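Structure record follows, encoded as structure tokens.
Positions are given from 1 along the sequence. Treat the numbers as computed from the prediction; the structure is a model and nothing was measured.
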Amino acid sequence: MQAGEALSPPPAWMMRQAGRYLPEYRATRAEAGSFLDLCYSPDFAVEVTLQPIRRFGFEASILFSDILVVPHALGQDVRFVEGEGPRLDPLHGRAEFERLRAADDPAVFAHLEPVFETVRRLRRDLPAETTLLGFCGAPWTVASYMIGGRGTPDLAPARALAESDTALVDALIDRLVMVQTEYLVRQLRAGADAVQIFESHAGTLPGLPAGDGDGADPLARWSFRPIARMIEGIRAAVPGARIIVFARGSGLDGHARVVPETGADAVGVDWAVDLAALRARLPASTVTQGNLHPDTLIEGGPALDAAVDAVLAATRGLPHIFNLGHGITPQTPVENVERMLARLRGA
């Protein structure tokens, strides 16, 4: 198989494929203790990463970790509250920013060394034909958690600070660009075949000022340009590095802009985008990924069959990676994942 080749059926994996919908994950999670202990223990992180490969034989495996290990490495307090999700000590202003570690502080990557060890072990333990993906959050998405202290529907704290102290948010994003570029470089050097950058909060950017006077819109200003800087830095260190960008909530226009404006090799497609309409706007050589609605995977039955068929029809003869349009949810029946893959592989 060559990069960008159209395959039938397409290769498949799922965002959050190692997770709470699997009973074996729940057992390992209970044994590990806290969620961060699970992320930072190579023994446990390797085990949960391999679980969906053993069960389903996905063509790709994604490192088990979390986008918030980076602010944790920078010195921000990060904790996960059961049933509520991540909590961070909010970055309200310059005082909190100045307490963060510098991008070149050796302690940052010493803190993240267990992640790289997990990647090394996975490359050793995965089947040779299984692609290993590394990942990180996009600078805007990670910054929004650091500023707000948690995820919120409209990211009001991050949006407010971006308007009231643009220079501070720029400085935070610059630091994240530098740290996360090196973070992904080290994942690739440890054995990842490709990496994905998650811009989970692209949909919150409309309405923010571009602020730099050159006509850039908020999506370019706060998301695509920082990601493009990361990709340029990654490829300077690892020529030919393969990179997927997932800009959730950016709409049809935003998805169509991902590859030309960031330099990514592939665009992750959320469930709200008409995949056929997007493919009509992209060069035939552009790789797409995703689009199946996670709720359809919960529903199962004929609706799931029809949704799988629709993705295949929209991408027939074109390079596509079969995936969801967001992460699989904990209440998803395992048998529905099996049905999805049987439909896909029998196409």
Problem set entry | Minimum heavy-atom distance between Val245 and Ala264, given as atom pair plus value | CG2-CB, 3.6 Å

Exercise. Within the side chain of Gln180, is there an N or O that forms a donor-acceptor pair under 3.5 Å with the backbone of Gly137?
Worked result: yes

Exercise. How about Arg79: does its CZ atom have over 12 heavy atoms from other parts shown lying under 6.0 Å from it?
Worked result: yes

Exercise. Do Phe64 and Gln51 pass the side-chain contact (heavy atoms from CB on, under 4.5 Å) test, and can you show the C-alpha distance, the side-chain angles, and the key distance before you say yes or no?
Worked result: CA-CA 11 Å; Phe64 184 86; Gln51 286 169 353; over 6 Å; no

Problem set entry | Over 12 non-hydrogen atoms of neighbours within 6.0 angstrom of CD in Glu232 | no

Exercise. What residues, two or more places apart in sequence or in another chain, satisfy salt bridge (Lys or Arg N to Asp or Glu O under 4.0 Å) together with Glu96?
Worked result: none

For this session: Step through it carefully: locate the ring centre of Phe35, locate the ring centre of Tyr25, and say whether they are under 6.0 Å apart.
Result: no

For this session: Following the transitive rule for hydrophobic clusters with a side-chain heavy-atom cut-off under 4.5 Å over Ile, Leu, Val, Met, Phe, Trp and Tyr, establish whether Tyr21 and Ile298 coincide in one cluster.
Result: no

For this session: Might you work through the salt bridge (Lys or Arg N to Asp or Glu O under 4.0 Å) test for Glu182 and Arg186, ending with a clear yes or no?
Result: CA-CA 6 Å; Glu182 179 64 17; Arg186 294 192 185 206; 2.7 Å; yes

Exercise. Is Thr204 close to Asp154 at the side-chain level, that is, under 4.5 Å between some pair of heavy atoms?
Worked result: no

Exercise. When you look at Val334 and Phe56, which way does the side-chain contact (heavy atoms from CB on, under 4.5 Å) test go after all the steps?
Worked result: CA-CA 10 Å; Val334 171; Phe56 302 115; 3.9 Å; yes

Exercise. Can you find a pair of side-chain heavy atoms, one from Phe322 and one from Thr315, that are under 4.5 Å apart?
Worked result: no

Exercise. Is Arg29 reaching over with its side chain to a backbone N or O of Gly19, donor-acceptor style, under 3.5 angstrom?
Worked result: no

Problem set entry | Test: Glu47 and Arg54 ion pair at under 4.0 Å | yes

Problem set entry | ring-ring contact (aromatic ring centres under 6.0 Å, His included) contacts touching residues 147-203 (sequence neighbours left out) | Phe116-Tyr183, Phe135-Phe198, Tyr145-His201

Seminar exercise, completed: Separation between CZ (Arg101) and CG (Leu74), nearest 0.5 Å, reads 8.0 Å

For this session: Please determine, by modelled atom types, if Ser223 and Glu199 share a side-chain donor-acceptor pair under 3.5 angstrom.
Result: yes

Problem set entry | Spacing of Glu59 atom CD and Thr130 atom OG1 [to the nearest 0.5 Å] | 8.0 Å

Exercise. Is the shortest distance from a Lys or Arg side-chain nitrogen in Arg339 or Glu335 to a carboxylate oxygen in the other one below 4.0 Å?
Worked result: no

For this session: Please confirm whether the backbone N or O of Ala241 pairs with a side-chain atom of Arg235, one donor and one acceptor, at under 3.5 Å?
Result: yes

Exercise. With the 4.5 Å side-chain cut-off for hydrophobic clustering, are Phe109 and Met178 part of the same group?
Worked result: no

Problem set entry | Verdict with supporting geometry, Leu208 and Trp140, side-chain contact (heavy atoms from CB on, under 4.5 Å) | CA-CA 12 Å; Leu208 273 179; Trp140 167 253; 3.7 Å; yes

Problem set entry | Distance-only donor-acceptor check, side chains Thr141 and Ser144, under 3.5 Å | no

Problem set entry | Over all atoms of both residues, closest heavy-atom pair of Asn336 and Leu297 | ND2-O, 2.9 Å

For this session: Keeping the roles fixed (side chain from Ser41, backbone from Asp37), state whether a donor-acceptor pair exists under 3.5 Å.
Result: no

For this session: Check whether any side-chain heavy atom of Leu155 sits under 4.5 Å from a side-chain heavy atom of Ile147, and report yes or no.
Result: no

For this session: Of all the heavy-atom pairs spanning Ala32 and Leu38, show the shortest one and how long it is.
Result: CB-CD1, 3.8 Å

For this session: Look only at the side chain of Gln76 and the backbone of Pro71, and say whether a donor-acceptor pair between them is shorter than 3.5 Å.
Result: no

Problem set entry | Heavy-atom pair of closest approach, residues Val48 and Pro52 | O-CD, 3.2 Å

Problem set entry | Separation between CZ of Arg55 and CG of Leu341, rounded to the nearest 0.5 Å | 12.0 Å

Exercise. Quick one: CG on Leu184 to CD1 on Ile234, what's the gap to the nearest 0.5 Å?
Worked result: 4.5 Å

For residues 248-258, which side-chain N or O atoms pair as donor and acceptor with protein atoms under 3.5 Å away, sequence neighbours left out?
residue	atom	partner	partner atom	Å
Arg248	NE	Ser200	O	3.3
Arg248	NH2	Ser200	O	3.4
Ser250	OG	Ala247	O	2.8
Ser250	OG	His255	ND1	3.1
Asp253	OD1	Arg281	NH1	2.6
Asp253	OD1	Arg281	NH2	3.1
His255	ND1	Gly251	O	2.8
His255	NE2	Asp270	N	3.2
Arg257	NE	Glu261	OE2	2.5
Arg257	NH1	Asp217	OD2	3.3
Arg257	NH2	Asp217	OD1	2.8
Arg257	NH2	Asp217	OD2	3.3
Arg257	NH2	Glu261	OE1	3.1
Arg257	NH2	Glu261	OE2	3.4

Problem set entry | Nearest-0.5 Å distance that lies between atom CH2 in Trp13 and atom CD in Gln289 | 5.0 Å

For this session: Kindly indicate whether the side chain of Ile328, heavy atoms from C-beta on, has any atom under 4.5 Å from the side chain of Val337.
Result: yes

Problem set entry | Residue pairs fulfilling side-chain hydrogen bond (donor to acceptor under 3.5 Å, both in side chains) with at least one residue in residues 316-328, sequence neighbours excluded | Thr288-His320

Seminar exercise, completed: Taking every heavy atom of Cys136 against every heavy atom of Ile67, the minimum-distance pair comes out as C-CG2, 3.9 Å

For this session: Check whether any side-chain N or O of Glu117 sits under 3.5 Å from a backbone N or O of Pro42 as a donor-acceptor pair, and report yes or no.
Result: no

Seminar exercise, completed: Residue pairs meeting ring-ring contact (aromatic ring centres under 6.0 Å, His included), one or both in residues 259-315, sequence neighbours left out, come to Trp271-His293

Seminar exercise, completed: Those residues at least two apart in sequence (or on a different chain) that pass salt bridge (Lys or Arg N to Asp or Glu O under 4.0 Å) with Arg123 are Asp193

Problem set entry | Residue pair Leu318, Leu282: steps toward the side-chain contact (heavy atoms from CB on, under 4.5 Å) verdict | CA-CA 11 Å; Leu318 299 167; Leu282 298 175; over 6 Å; no

Exercise. Which heavy-atom pair separates Ser61 from Thr49 by the least distance, and what is that distance?
Worked result: OG-CG2, 3.1 Å

